[in-house]
Structure formats: structure tokens, C-alpha cells
Asker: 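Dropping a structure here in C-alpha cells format, bear with me for questions.
Here the structure is a predicted model, which is why all the values come from computation and not from measurement. Counting begins at 1 with the first residue of the sequence.
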Amino acid sequence: MQLIDLIRPNIRSLQPYSTARDEYEGDLGTFLDANESPFDNGYNRYPDPHQKRLKSLLSPLKGVGKENIFIGNGSDEAIDLLFRIFCEPGKSNAISIAPSYGMYEVAADINDVEMRKVLLNDDFSLPVYRLLEAADADSRLLFICSPNNPTGNAFAREDILRVVREFPGIVIVDEAYIDFSDILGMLPLLSDYPNLVVLQTLSKAWGMAGLRCGLAFASAEIIGYMNRVKYPYNINVATSEIVERLLSEPVLQHLKVIKVERKKLAEALGDFLFVKIVYPSDANFLLAKVDDANDLYDYLINNKIIVRNRDKVALCKDCLRITVGTPKENLRLIEILKNYEEKTADY
Ligand SMILES: *Cc1c(COP(=O)(O)O)cnc(C)c1O
């Protein structure tokens, strides 16, 4: 299958919006081309539609070429663009593991694309054969989140690669949590697999959720289509400046703290009688199966501790997803859970 055959015909022939700044390279000059205000307040000029400065920072950091990087308004922009580039509304379908990140299905629904959800195996491993079985001639996208939200585990690389090799469309590996994992992600393999798209984000380990900056990595051809379909000025000047500054402030120390806290929290949670399972985690959260998730969730809320109730999610009955906080926040959680244990033991 050639990539071009997967692209929607209207996108193949799309004439993208040409910005005034596409025609002139260089920062210095008298810019009378974009109807901006000429009075400098730091933000009076349109941003670089190609985000060249940000990409030149990210390229060595991630070990991929600038032409292989897409920068979006959160990963969600990249997810939506992939639907718009590869899926014919009302005709194409997409495949996703389940349970997983809810945005894949929302983006599918918005684009009128059928989403086929394939349950993970009971041990949360990747259902390689069932994923491939779910595909037909109209399947265009297949989403694998690794480490997976909300189960927390990363999938075996060989399992992911079997899907990438055999699925006749685009495989998206969402690595939003890869920085918290000790496993190697898929970026080093990018050039071997023309149908692979890797998503990462600055929202989690890098601490920039409020800035909305998501990254996609793929072949220059796929990135080219994403750039043509995106809004021309999708990353604003203020975001770019702050991201550039924060990328130079190392987060390694924070990552170490989160990993140590994850281990301590997992052990502490496992000691409570009402906790049945604390699943192993490669991410900055823990999934815990408890006696009564709804009851515990309400108790925590009443104590002003907010976690994510995943009770209604497939394979996650009575499970709460708990983000690893600061050492102090985690101690507070444990303290409240001790009270809960005393309370429930009374009955
Ligand atoms: C949090 C998260 C993201 C990040 O989304 P942004 O839009 O970049 O903030 C992406 N994928 C998964 C699975 C996530 O949990």
C-alpha cells in the first residue's frame, strides 16, 4: 500500500493557505504584507507558521529530523488532523485498543468515522491478532496508547511492531507517558516504518499542560500533509516563547521524584485491605482496583481529593486512576485513605 492511496482525495489535491510569510525568509525587513499593526508590543506580528525555532530545539532533544516533527495545539490537534487527512467521513473506519484515551473516539465521532474498539487481553497486554482481525479494506487508522491510559502499562515493542507491519493503514502510537517509563519508545524506529505516527506531548512530564503543545513524529510525507491541513498559525507567539524557555529547564529531577513517589504510593496503596490490585505502571499514575470504587471516590471528593473514577470503563470495574502528586500530596492521600479504612472496618 502506498501512502498516497490512504490519503483522502480532496486532501491529496488540497491547495493549502499560503501565508504572507511563506514568500519571504528572514526576520529583518519592512513587513507591509500581513496587515498587522506596525506598533511593537511583542505580539503584533503573526507567528511563524512552520515553528522553525521550536523544531530546531526539539529535533536534537528527540533525535529526529525537523521535517519529521509536527507541533500542534495539544496532541488532540494531531489526532483530529489524522482523521481529516486519512478518513473519508461515513465510509472509513478506525481501530483502537480499549480501554484507552477517550479522545480517539471523540475525534472519530466528530469526523463521522466508525471506531472499532478492541478489548485488551485480561492481563492488559496487546491483543495483536484481534486488532488485525478488526481491520478491513476501509480501515485507515489504528491507535495504540503506550504506556496506556488508564491501565498504565507499556506494551511489548515486538507486539506493537507486529501491528505496525501488518496493519494496512496508519498506526498511531501515543507516547504521552513515555518519559515516565524505562522502556525505549518508538522514535528510533520511525524511519523504518512509513505508516507509523508517534504522538508525544509537553503536557505531562514537561509540565506544560496549560500551554497546549502536542507533538507528532512521522515520515516527512505524513508531516507534510499535517502541515498543509492545520490552521496556519496554530501555535501562538506567547506559547512558543514560553515553551522555548521551559524546554531549557531540565525536568529530570521532577521525573526522578515522580518515579520514586510512584513506587512508594503503589506500596502504600497495596497495604490497604480495601485495595485489591495496584496495577504496574509505566506512567505518572496508578490504576487501583478497590472493593467499591464509587464509595471510595465519593469519600475522597468529600475530603477534597480528586481522582479519576474508571469504574464504568471496560476491564476497569471498581478501578480508580490516581495521578502521582508531590510527596506531600501523596502523604495527604494516604492519610485520608487510612481514615477510610478505619471507617469501613467499623461495619
Ligand atoms: C494526557 C494525554 C495526552 C495529552 O494530550 P494534550 O492534548 O497534548 O494535552 C495524549 N494522549 C494521552 C493518552 C493522554 O493521556
Asker: Give the intermediate values and the outcome of side chain to side chain contact (heavy atoms under 4.5 Å, CB included) for residues Asp311 and Tyr297.
Answerer: CA-CA 10 Å; Asp311 176 60; Tyr297 177 81; over 6 Å; no

Asker: Take Tyr233 and Tyr43 through the test ring-ring contact (aromatic ring centres under 6.0 Å, His included) and record every step on the way to the result.
Answerer: CA-CA 13 Å; Tyr233 303 114; Tyr43 299 101; over 10 Å; no

Asker: Report yes or no: do Asp76 and Tyr101 form a side-chain donor-acceptor pair below 3.5 Å?
Answerer: yes

Asker: Applying side chain to side chain donor-acceptor pair (under 3.5 Å), name anything that partners Asp318, two or more places apart in sequence or on another chain.
Answerer: none

Asker: Could you state the interatomic distance from CD (Glu341) to CD1 (Ile336), rounded to the nearest 0.5 Å?
Answerer: 13.5 Å

Asker: Counting only heavy atoms not in Phe31, do more than 12 fall under 6.0 Å of its CZ?
Answerer: yes

Asker: Apply side chain to side chain contact (heavy atoms under 4.5 Å, CB included) to the pair Ile222 and Ile170, showing each step before the final yes or no.
Answerer: CA-CA 10 Å; Ile222 293 180; Ile170 304 296; 4.0 Å; yes

Asker: Say whether Asn339 and Tyr299, considering side chains only, have a donor N or O and an acceptor N or O under 3.5 Å apart.
Answerer: no

Asker: Is it true that Lys264 and Glu261 make a salt bridge, defined as a side-chain N closer than 4.0 Å to a carboxylate O?
Answerer: yes

Asker: Scan side-chain atoms only and decide if Asn121 and Arg130 contain a donor-acceptor pair under the 3.5 Å cut-off.
Answerer: yes

Asker: Determine the minimum heavy-atom distance between Leu320 and Ala293, stating which atoms define it.
Answerer: CD2-O, 3.8 Å

Asker: Between Asp174 and Tyr104, is there a side-chain donor-acceptor contact under 3.5 Å, judged purely by atom types and distance?
Answerer: yes

Asker: If I take atom CG from residue Leu337 and atom CZ from residue Phe272, how far apart are they, to the nearest 0.5 angstrom?
Answerer: 4.5 Å

Asker: Is Leu161 close to Leu189 at the side-chain level, that is, under 4.5 Å between some pair of heavy atoms?
Answerer: yes

Asker: Can you tell whether the side chains of Glu158 and Arg165 come within less than 4.0 Å, N to carboxylate O?
Answerer: yes

Asker: Check Met186 against Val173 and note the closest heavy-atom contact, atom names and distance.
Answerer: CG-CG1, 4.0 Å

Asker: Are Ile172 and Met103 co-members of a hydrophobic cluster defined by side-chain heavy atoms under 4.5 Å apart?
Answerer: yes

Asker: Pair Lys276, Asp291 - check side chain to side chain contact (heavy atoms under 4.5 Å, CB included), show working.
Answerer: CA-CA 7 Å; Lys276 289 184 188 143; Asp291 282 335; 3.2 Å; yes

Asker: Does one hydrophobic cluster hold both Phe274 and Ile301, with members joined at side-chain heavy-atom distances below 4.5 Å?
Answerer: yes

Asker: As an exercise, state the distance from CG of Leu54 to OG of Ser59, rounded to the nearest 0.5 Å.
Answerer: 12.0 Å

Asker: Looking only at non-hydrogen atoms, find the nearest pair between Leu287 and Cys316 and report the distance.
Answerer: CD2-SG, 4.1 Å

Asker: Applying side chain to side chain contact (heavy atoms under 4.5 Å, CB included) to Ile4 and Tyr225, what does each step give before you reach the verdict?
Answerer: CA-CA 10 Å; Ile4 189 81; Tyr225 281 107; 3.3 Å; yes

Asker: Going by heavy atoms in the side chains, are Leu333 and Leu265 under 4.5 Å from each other?
Answerer: yes

Asker: Using the side chain to side chain contact (heavy atoms under 4.5 Å, CB included) definition, which of the options Arg8, Arg12, Arg140, Met226 pairs with Ile85?
Answerer: Met226

Asker: For Leu196 and Ala218, work out which heavy atoms get closest and say how close.
Answerer: O-CB, 3.7 Å

Asker: Within the distance-only criterion (no hydrogens, no angle test), does the side chain of Arg116 pair as donor or acceptor with the backbone N or O of Ala135 below 3.5 angstrom?
Answerer: no

Asker: Determine the minimum heavy-atom distance between Cys145 and Ser100, stating which atoms define it.
Answerer: CB-OG, 3.3 Å

Asker: Does a side-chain heavy-atom distance below 4.5 Å link Asn44 with Pro38?
Answerer: no

Asker: Quick check on the hydrophobic clustering: are Val313 and Val118 connected, directly or via other members, by side-chain heavy-atom contacts under 4.5 Å?
Answerer: no

Asker: Looking at every heavy atom in both Val163 and Val171, which two are closest together, and how far apart are they?
Answerer: O-CG2, 4.1 Å

Asker: Using distance alone, with no hydrogens and no angle criterion, decide if Tyr279 and Arg321 have a side-chain donor and acceptor under 3.5 Å apart.
Answerer: no

Asker: If you round to the nearest 0.5 Å, how far is OG1 of Thr151 from CD1 of Ile97?
Answerer: 6.5 Å

Asker: Going by heavy atoms in the side chains, are Val64 and Val198 under 4.5 Å from each other?
Answerer: no

Asker: Measuring only between side-chain heavy atoms, which start at C-beta, is Leu247 closer than 4.5 Å to Met208?
Answerer: yes

Asker: Do Gln51 and Asn234 get their side chains close enough for a donor-acceptor pair, meaning under 3.5 Å?
Answerer: yes

Asker: Distance check, rounded to the nearest 0.5 Å: Gln200 atom CD versus Leu187 atom CG?
Answerer: 4.5 Å

Asker: For residues Leu61 and Leu211: do they belong to one hydrophobic cluster (side chain heavy atoms under 4.5 Å, members Ile, Leu, Val, Met, Phe, Trp, Tyr)?
Answerer: yes

Asker: With the side chain counted from C-beta on, respond yes when Leu331 and Lys328 share a heavy-atom pair under 4.5 Å apart, and no when they do not.
Answerer: no

Asker: Under the rule for side chain to side chain donor-acceptor pair (under 3.5 Å), what residues qualify as partners of Thr239, not counting sequence neighbours?
Answerer: Asn236

Asker: Could you tell me the separation between the CG atom of Leu142 and the CD1 atom of Ile95, rounded to the nearest 0.5 Å?
Answerer: 5.0 Å

Asker: Backbone N or O of Gly169 within a donor-acceptor pair of the Asn195 side chain at under 3.5 Å?
Answerer: yes

Asker: Could you state whether Ile11 and Ile223 fall into the same hydrophobic cluster, counting links through intermediate Ile, Leu, Val, Met, Phe, Trp or Tyr residues with side-chain heavy atoms under 4.5 angstrom apart?
Answerer: yes

Asker: Which of parallel (below 30°), tilted (30 to 60°) and perpendicular (above 60°) describes Phe285 and Tyr177?
Answerer: perpendicular

Asker: Measure the shortest side-chain to side-chain distance between Leu215 and Glu175 over non-hydrogen atoms and say whether it is less than 4.5 angstrom.
Answerer: no

Asker: Taking 4.0 angstrom as the limit, do Glu267 and Lys263 come out as a salt bridge?
Answerer: yes

